[in-house]
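Below, each value reflects all heavy atoms present in this structure, side chains not excepted, and no hydrogens, waters or symmetry copies.
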Amino acid sequence: MRLVRLAVGFGGLGIFGITIGVLVALVGAASVLSEHITPLNFTLSELGNYGHSPFAVVLNGGLFFGSLCLVLFCLYSMPLTKTVSGALCYLTMAIACLTLAGIGLFPINVYHLHTMMVKWFFILGSMSALFYLVNLSLGFQALFKTWSWLPAGLALVGQASFLILPLFKLGLTDGDRPFYHEMVLEGGRPEFWWPAVIEWFSFSVFLLWIVTLLIDKWYYLRRNASRP
């Protein structure tokens with residue numbers, strides 16, 4: 001029970017820190033900058049761009065400290081899974097959250113480190129969602145199991161799309177470059193920009209998936225409140 005309490009505590013702090021950082025940075029940028037700022041045309045990386053985004057330090061700080069809390073959530077959750085595929089899910093999720101902290105630590109101003117962190121966040125996020133779905137499909141009864149398969153599936157689709165879509169040469173980016181190399185848009189800004197849309201969708205459902213896992217554990221604590 002102690003591991004569950006620690007997982008819930010750190011997970012809740014992590015989600016809260018990241019959410020507050022993103023909301024403050026997004027609302028602040030939309031109200032201060034002359035551009036029309038929405039998640040449909042402005043990437044998370046641009047919100048953390050020092051010298052351009054007015055609340056970059058809030059976003060980057062929220063990502064860094066919140067994601068480190070999520071790493072602890074994953075590590076405390078790992079021993080509770082009882083299966084290899086479940087443990088692999090939380091291990092890859094922990095490393096994905098570590099790269100998310102790296103996105104905050106190395107903003108787009110540090111271009112090469114930032115794009116590397118973005119790339120590996122989507123790779124490891126996809127892997128963790130895949131391991132989770134495999135764990136459920138094999139019939140292993142997870143300790144905490146409700147409807148979290150749905151955001152896990154959406155996270156897999158969204159993060160895999162972020163990585164794979166440019167390979168189909170659909171002209172979604174200049175020269176069909178990978179999305180993680182297109183985190184800053186120069187020149188005219190369209191109302192709908194694919195790298196921004198898919199990045200925000202994937203990032204949001206990844207966090208939503210973690211929230212469902214937190215809810216599972218919280219209900220487990222309530223059902224077993226009398227245990228030490």
Over 12 foreign heavy atoms within 6.0 Å of CH2, W200: yes
Donor-acceptor under 3.5 Å (N109 side chain, N49 main chain): no
Distance, nearest 0.5 Å, that separates OG1 of T212 from CG of D216: 6.0 Å
F16 atom CZ, neighbour heavy-atom count above 12 within 6.0 Å: no
Close side-chain approach of L91 to M78, heavy-atom, < 4.5 Å: yes
Ring center gap for W209 and Y132 short of 6.0 angstrom: yes
Whether S31 side chain and G28 backbone form a donor-acceptor pair below 3.5 Å: yes
Donor-acceptor pair, side chain of N41 and main chain of T38, under 3.5 angstrom: yes
Spatial distance of atom SG (C74) from atom CD1 (I210) [nearest 0.5 Å]: 5.5 Å
Any donor-acceptor N/O pair, Y50 side chain to I108 backbone, under 3.5 Å: no
Salt bridge (charged side-chain N to carboxylate O under 4.0 Å, His left out) partners for E46, two or more places apart: R189
Heavy-atom check, side chain of H181 versus side chain of Y111, under 4.5 Å: yes
Residues which pass side-chain contact (heavy atoms from CB on, under 4.5 Å) with F131, listed by chain and number, not counting sequence neighbours: L88, C89, T92, M127
Check: residues 153-171 side-chain donor-acceptor pairs under 3.5 Å, at least two apart:
{"residue": "Q159", "atom": "OE1", "partner": "S126", "partner atom": "N", "Å": "3.0"}
{"residue": "S161", "atom": "OG", "partner": "V157", "partner atom": "O", "Å": "2.6"}

L70 to C97 - nearest heavy-atom pair and separation: CB-SG, 3.7 Å
Proximity of F121 and F206 rings by center, below 6.0 Å: yes
Minimum-distance pair of heavy atoms, taken over all atoms of L13 and C69: CB-SG, 4.1 Å
Gap separating the CZ atom of F203 from the CD1 atom of I103, nearest 0.5 angstrom: 8.0 Å
